[in-house]
Number of protein chains: 2
Amino acid sequence: MDKTTQIYKALSEEIRLRIVMLLTHGELCVCDLMEIFGETQSKISRHLAYLKHSGFVKSRRAGTWMHYSLKEPLDSLIEAHIAFMKEQFSELPIIQEDVRRMEEVKSSKLCEKSDAKSLRTTKGFNKTREGK
Amino acid sequence: MDKTTQIYKALSEEIRLRIVMLLTHGELCVCDLMEIFGETQSKISRHLAYLKHSGFVKSRRAGTWMHYSLKEPLDSLIEAHIAFMKEQFSELPIIQEDVRRMEEVKSSKLCEKSDAKSLRTTKGFNKTREGK
DNA sequence: TGTATATATTTGTATATACGAATATATGGA
DNA sequence: TCCATATATTCGTATATACAAATATATACA
C-alpha cells in the first residue's frame with residue numbers, strides 16, 4: 001500500500017493540492033506558480049519535486065524555464081484521485097481564486113506562450129520580464 | 001482547507017486507512033483491531049484517537065470495552081472519501097485479508113456480540129477470553 | 001569563456017507525528 | 001475498598017518533512 005499512502009501524503013499539504021488542481025487546467029512553469037501563490041522559488045520547486053516523486057507530474061525544460069504538467073499517462077489510482085478532487089474542490093473559493101490568478105498571470109506573461117529560445121530572441125522580451 | 005488536508009493526513013498512514021476500511025463493515029472494539037493487525041494496544045489506540053480527532057470515527061463505551069465505528073453523521077467530504085476508498089481499495093488483497101481476519105476474530109470473540117456487563121455475568125466468559 | 005537567469009538542491013533548524021515502554025484512568029467484580 | 005481488565009495517555013526518542021537562506025546547476029547569450 002505504499003503507493004496508496006504516498007498519494008495521500010502528497011495531497012496532505014495544501015499547496016501541493018492546490019498546485020495539482022491548477023495543473024488540471026494545463027501546463028505551468030515554476031515562475032507562474034511562484035507568482036500565483038506568492039511563494040518563494042525554493043518552496044515551489046521543492047513541492048514540485050515531491051509531486052514528481054509521487055507520480056503526479058512531469059516536467060519539460062524549455063530554455064531556462066521548467067514547465068510542469070500532469071504526468072501522462074497517469075497512474076490509474078492517481079487519475080481517480082484527481083477526478084475526485086475536481087468533483088470535490090473545483091467550487092471552493094480558494095481554488096477558484098487560484099484559477100483566477102492563474103489566468104491573470106498567464107495573460108501577462110510570455111513564458112507560457114512559447115519556449116525560451118524564441119522569447120529571448122524576441123525584441124522587447126526583457127521589457128516584458130521587467131514587470132515582475 | 002485545513003479540514004481537507006487533515007483528511008488526507010489521516011488517510012496517509014497505512015494502518016489508519018485499513019482501520020477505516022474495516023469500520024465500513026461495522027463497529028469494532030480496540031481488542032479486535034489489536035488482534036486483526038497484530039499490533040499493540042498503544043498503537044491501535046493512538047491511531048483511533050487520531051481518526052476521532054479527524055472526524056472519521058466515534059467511540060462507544062460498553063463496560064471496559066471501547067467500540068469504534070464510523071461517525072454519524074459523517075462530514076460529507078469524509079463520506080465522499082470513504083465511498084472513493086471502497087471503490088478503489090475493496091478488492092486489494094491486503095484489504096480482503098483484513099476483512100477475512102476480522103470475520104475470524106468476530107466469530108471467536110464475544111465482546112462484539114453484546115456489551116461488557118452481560119458478558120461478564122455470563123458463565124464461561126473468562127474461559128472464552130483465555131484464548132487470547 | 002563569462003555573466004545572467006531560472007530552477008534545483010543543500011544546509012541547518014523546527015515541527016508533526018511515529019514508536020515502544022511505562023503509567024494513568026475507567027470500569028466491573030470480589 | 002482493592003484488584004483485574006481494557007483502554008488512553010505520557011515520556012523519551014526517532015523520522016519525515018516543512019521552512020528560509022545559501023549555494024549549485026543548467027541554459028542562453030554576449
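Everything numeric here is computed off the predicted structure, so don't read it as measured data.
- The side-chain contact (heavy atoms from CB on, under 4.5 Å) search around B/His25 returns B/Val99, B/Met102, not counting sequence neighbours.
- Although no hydrogens or angles enter the test, the distance criterion places a donor-acceptor pair under 3.5 Å between the side chain of A/Ser12 and the main chain of A/Lys9.
- Sequence neighbours left out, the pairs with a member in residues 91-100 of chain B that pass side chain to side chain donor-acceptor pair (under 3.5 Å) are B/Arg18-B/Asp98, B/Glu91-B/Gln96, B/Glu97-B/Arg100, B/Glu97-B/Arg101, B/Arg100-B/Glu104.
- The phosphate of C/dA6 has neither OP1 nor OP2 within less than 4.0 Å of any side-chain N or O from A/Tyr68.
- Between B/Trp65 atom CH2 and C/dT25 atom C1' there is a gap of 17 Å when expressed in whole angstrom units.
- Here ring pair (Phe, Tyr, Trp, His ring centres under 6.0 Å) pairs that include residues 69-100 of chain B, with residues two or more places apart or in two chains, are A/His81-B/Phe84, A/Phe84-B/His81, A/Phe84-B/Phe84, B/Tyr8-B/His81.
- Applying the side-chain hydrogen bond (donor to acceptor under 3.5 Å, both in side chains) rule to B/Lys3 yields the partners B/Asp75; only residues at least two apart in sequence or on another chain are considered.
- Proximity of a side-chain donor or acceptor of A/Thr24 to a complementary backbone N or O of A/Met21 within less than 3.5 Å is detected.
- In this entry the distance linking CG of B/Leu48 with C1' of D/dA8 reads 11 Å, nearest Å.
- The separation between B/Leu11 atom CG and C/dA18 atom C1' is 17 Å, rounded to whole Å.
- Listed by chain and number, the residues in a side-chain hydrogen bond (donor to acceptor under 3.5 Å, both in side chains) with B/Glu72 amount to none (sequence neighbours excluded).
- B/Arg61 places its CZ atom 16 Å from the P atom of D/dT5, with the value rounded to the nearest Å.
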### Task
Determine which bases of DNA chain D form Watson-Crick or G-U wobble pairs with both distances under 3.5 Å, and write the result as a 5' to 3' dot-bracket string with | for other-strand partners.
||||||||||||||||||||||||||||||
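- A close approach under 4.0 Å does not occur between any side-chain nitrogen or oxygen of A/Thr64 and OP1 or OP2 of C/dA6.
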Identify all side-chain donor-acceptor contacts of residues 40-50 of chain A below 3.5 Å with residues at least two apart in sequence or on another chain.
unit_1: A/Thr40; atom_1: OG1; unit_2: A/Lys43; atom_2: N; d: 3.2
unit_1: A/Lys43; atom_1: NZ; unit_2: A/Glu39; atom_2: OE2; d: 3.4
unit_1: A/His47; atom_1: ND1; unit_2: A/Arg16; atom_2: NH1; d: 3.1
unit_1: A/Tyr50; atom_1: OH; unit_2: A/Gln6; atom_2: NE2; d: 3.3

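- Remark: C1' of C/dA8 and NE2 of A/His67 are 16 Å apart, rounded to the nearest angstrom.
- Summarising the geometry, the separation between CE on B/Met66 and P on C/dG28 is reported as 12 Å, rounded to the nearest angstrom.
- A straight line from CE of A/Met34 to P of C/dA8 spans 11 Å, rounded to a whole angstrom.
- By the side-chain contact (heavy atoms from CB on, under 4.5 Å) test, A/Thr5 is found to be paired with B/Glu14, residues two or more places apart in sequence or in another chain being considered.
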### Query
What string of B, S and - do you get for nucleotides 14-25 of chain D, 5' to 3', if B is base contact, S is sugar-phosphate-only contact and - is no contact with any protein heavy atom under 4.0 Å?
---SSBBB----
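- Between B/Asp32 atom CG and D/dA6 atom P there is a gap of 12 Å when expressed in whole angstrom units.
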